[in-house]
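Scroll down for the structure; my scribbles are underneath it.
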Amino acid sequence: MLQISFFREQPERLRAGLKKRQFTAEQIEVLLNKVLELDDKRKAAQLINDEAAAEVNNLSREVGVLMKSGKKGQAEALKPQVAAAKERVKVASAVMAEATAALEEQLLPLPNLPHDLVVYGTSADQNEVFRPWEKSLPKPPVVSGMAPSNHWDLGEKYNLFDLKLGVKLTGAGFPVYRGKGAKLQRALINFFLDQAQKAGYEEVQPPLLVNEASARGTGQIPDKEGQMYHVTKDDLYLIPTAEVPITNIMRDTITKEFDLPLRMTGYTPCFRREAGSYGAHVRGLNRVHQFDKVEIVQFVHPDHSYKILMDMLDHVCLLMKKLELPYRILRLCSGDMGSAAAMTYDFEAWSGAQQRWLEVSSVSNFETFQSNRMKARYRDSHNKVHLLHTLNGSALALPRIMACLLENNNTAEGIHIPKALHKYLDFTVIN
RNA sequence: GGUGAAAUGGGUGAGCGGUUUAAACCACCAGUUUGCUAAACUGACGUACGGGAAACUGUACCGAGGGUUCGAAUCCCUCUUUCACCGCCA
């Protein structure tokens with residue numbers, strides 16, 4: 001959620017940011033006026049409320065003193081005054097609550113303001129290539145006498161995962177990994193967690209279901225509510241990413257500046273309804289309802305968040321290099337970026353058989369958007385409390401990594417496993 | 001799931017209708033003293049939203065939400081959570 005202080009103190013920044021988010025100039029002015037008006041209304045009501053409440057307190061104290069000294073008549077005489085003041089409190093506090101609610105209604109749906117470096121855009125086509133892949137890309141594997149092998153063919157051939165079986169057990173988009181496929185998944189998870197630990201992240205195992213407050217804290221509600229599986233009987237949500245429970249660890253807490261940055265990593269399955277997405281690009285493991293991911297999360301001082309964003313990028317680069325996958329990095333344009341983010345870099349790995357880039361990681365700086373919702377704060381050396389910045393990134397999401405590994409390393413003798421994973425497996429080739 | 005007890009500031013913990021303006025201790029922070037460390041002493045020490053140039057100050061918050069009362073941390077109701085015991089269970 002955007003801070004109200006932005007509206008008062010940085011209207012130009014707000015205008016520029018919302019413009020990038022496809023707001024018209026008129027919409028922005030209406031919004032700005034509305035927010036300031038509601039904020040003024042709230043403040044005016046609070047002034048009346050506080051004053052009247054102070055009177056109630058003072059008179060009540062007086063009544064107490066009079067009662068004690070036996071002047072019951074005088075005490076009784078004060079009561080109508082108290083009642084009148086209470087009535088004023090009632091009216092003012094109702095106005096206050098109304099204005100506060102209306103203000104939240106205005107602010108809650110607003111997206112974060114994109115960073116200055118984020119270019120304007122309305123679709124994924126306008127994302128910038130931040131770092132291209134400069135070497136040659138793997139061609140579709142041509143194994144003599146065989147058609148080019150997509151990962152879904154390879155998965156079936158080597159019994160690595162079974163989509164049809166998943167349909168029987170659950171439904172479309174719930175793959176069953178088997179044999180070497182299951183082992184490869186486990187190896188990747190361990191590899192990612194070990195790398196994150198080496199980079200200074202504390203490993204956590206969060207719950208896979210979260211309450212509404214947590215979903216709201218990171219911005220899934222109200223923005224992406226339809227994206228989550230909702231367990232209505234207990235009013236809980238299956239997490240779409242470990243970002244949700246891990247980031248909410250810091251909800252309603254005040255950290256010491258000295259302890260920043262906090263780095264946490266966690267492996268979890270992720271559940272996404274992916275409502276309305278069907279078609280050629282979602283075949284195989286390209287898009288599924290349940291997948292595994294290792295997430296990295298940082299809570300940082302606002303002055304360092306963009307430097308740390310680059311550190312997180314470097315971390316993901318290292319993973320891609322160790323997995324020997326061709327990749328490129330995009331900086332998302334304002335239209336493709338999630339509404340909570342101020343800046344997002346996507347990593348795409350090259351799929352040799354599909355001959356296209358697949359998104360395998362998304363690394364974002366949310367600045368104070370999430371921390372403002374969550375009240376995640378730090379105390380500086382002068383004992384002042386400030387919102388901290390939150391960042392997170394996939395490091396990495398497994399299914400598309402698996403797809404690229406299978407497709408790119410497929411040869412006549414089988415699929416070669418990159419060296420980095422050897423110590424996690426009891427095989428080096430899938431054949 | 002059943003029964004009982006509890007929930008107070010960063011922590012421990014007193015208060016159970018009106019000088020509580022939430023005691024005290026610990027921790028943290030600043031200062032003094034001191035070869036160093038430690039200790040001792042002094043002071044400051046919650047959050048949110050207002051007012052004020054500032055010093056300062058108002059209101060709200062004692063798990064959450066209602067209620068009683070001139071006045072609620074304190075009494076009543078509902079809910080949540082935690083602990084203990086029982087039941088069930090990987």
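Letters go in sequence order (proteins before strands), and every chain restarts at 1. For clarity, every value in this text was computed on a predicted model and none was experimentally measured.
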Taking [X] for its side chain and [Y] for its backbone only, find out whether a donor-acceptor pair lies under 3.5 Å.
X	Y	value
A:His315	A:Ala395	no
A:Ser361	A:Ser394	yes
A:His289	A:Arg273	yes
A:Asn410	A:Leu406	no
A:Asp153	A:Ser149	no
A:Gln106	A:Val35	no

Mind calculating the distance between [atom1] ([X]) and [atom2] ([N]) to the nearest angstrom?
X	N	atom1	atom2	result
A:Asn372	B:A48	CG	P	12 Å
A:Asp40	B:C49	CG	P	16 Å
A:Lys384	B:G46	NZ	P	11 Å
A:Asn49	B:A48	CG	P	19 Å
A:Glu55	B:C70	CD	C1'	13 Å
A:Ile254	B:A48	CD1	C1'	10 Å
A:Asp380	B:C29	CG	P	14 Å
A:Arg8	B:C49	CZ	P	13 Å

List, with names and distances, any nitrogen or oxygen atoms from the protein found under 3.5 Å away from nitrogen or oxygen atoms belonging to nucleotides 50-52 of chain B.
residue : atom : partner : partner atom : Å
B:G50   : OP1  : A:Arg42 : NH2          : 2.6
B:G50   : O5'  : A:Arg42 : NH2          : 2.9
B:G50   : O4'  : A:Gln46 : OE1          : 3.4
B:G50   : O4'  : A:Gln46 : NE2          : 3.4

key: Side-chain N,O (A:Arg379) to OP1/OP2 (B:C28) below 4.0 Å   = no
ask   = Looking at A:Lys198 and A:Asp194, does any basic side-chain N land under 4.0 Å from a carboxylate oxygen?
value = no
Say you pick atom [atom1] in [N] and the same atom in [M]; how far apart are they, in whole Å?
N	M	atom1	value
B:U3	B:C79	P	13 Å
B:A23	B:C62	C1'	14 Å
B:A54	B:C36	C1'	42 Å
B:G10	B:G63	P	13 Å
B:G18	B:C88	P	48 Å
B:A72	B:G2	P	35 Å
B:U8	B:A22	C1'	8 Å
B:U34	B:A39	C1'	10 Å

At a cut-off of 3.5 Å, list every protein nitrogen or oxygen paired with a nitrogen or oxygen from nucleotides 15-17 of chain B, distance to 0.1 Å.
none

inquiry  = Heavy-atom nearest nucleotide on RNA chain B for A:Val385 versus A:Lys256: which residue maps closer to 5'?
reply    =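 Final value for this comparison: A:Lys256.
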task = Mind running a 4.0 Å heavy-atom check of residues 80-104 of chain A against RNA chain B and sending the residues that fall below it, in number order?
result =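 Going residue by residue through residues 80-104 of chain A, the ones with a heavy atom under 4.0 Å of RNA chain B turn out to be A:Val82, A:Lys86.
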ask   = Under a 4.0 Å heavy-atom cut-off, which of residues 57-66 of chain A touch RNA chain B?
value =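 Within this stretch, A:Asn57, A:Ser60, A:Val63, A:Gly64 sit under 4.0 Å of the strand.
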Which residue pairs satisfy the side chain to side chain donor-acceptor pair (under 3.5 Å) criterion with at least one member in [range], sequence neighbours excluded?
range	result
residues 160-180 of chain A	none
residues 199-209 of chain A	A:Tyr201-A:Gln298
residues 107-122 of chain A	A:Gln22-A:Tyr120, A:Thr122-A:Gln126
residues 84-104 of chain A	A:Glu55-A:Arg88

Could you pull out the closest heavy-atom pair between [X] and [Y], with the gap in Å?
X	Y	result
A:Val118	A:Ser334	CG1-N, 3.6 Å
A:Asn286	A:His151	OD1-CE1, 3.4 Å
A:Glu324	A:Pro418	OE2-CB, 3.7 Å
A:Ala342	A:Met337	O-CE, 3.6 Å

request  = Could you provide the dot-bracket string of RNA chain B, using ( ) for intrastrand pairs, [ ] for crossing pairs and | for bases paired to another strand, with Watson-Crick or G-U pairs below 3.5 Å?
outcome  = ((((((((.[[[..)..(.....]]]..((((.......))))..((((((....)))))).[[[[[..)....]]]]])))))))....
Within-4.5 Å side-chain heavy-atom neighbours: A:Tyr424 and A:Leu188 =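 The answer is no; the side chains never approach within 4.5 Å.
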query = Yes or no on side chain to side chain contact (heavy atoms under 4.5 Å, CB included) for A:Leu14 and A:Leu2, after CA distance, side-chain angles and deciding distance?
reply = CA-CA 9 Å; A:Leu14 197 88; A:Leu2 296 177; 4.1 Å; yes
query = In Å, rounded to the nearest 0.5 Å, how long is the span from CG of A:Leu36 to CZ of A:Arg8?
reply =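 Rounded to the nearest 0.5 Å, the CG-CZ separation comes to 5.0 Å.
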inquiry  = Holding to salt bridge (Lys or Arg N to Asp or Glu O under 4.0 Å), I want the full list of residues that pass it with A:Asp252, two or more places apart in sequence or in another chain.
reply    =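 Residues passing salt bridge (Lys or Arg N to Asp or Glu O under 4.0 Å) with A:Asp252: none at all.
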request  = Kindly state each residue pair satisfying salt bridge (Lys or Arg N to Asp or Glu O under 4.0 Å) with at least one member in residues 14-29 of chain A, sequence neighbours excluded.
outcome  =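 Pairs touching residues 14-29 of chain A that pass the test: A:Glu12-A:Arg15, A:Arg15-A:Glu29.
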Got a list of protein N/O to nucleotides 73-75 of chain B N/O distances below 3.5 Å?
none

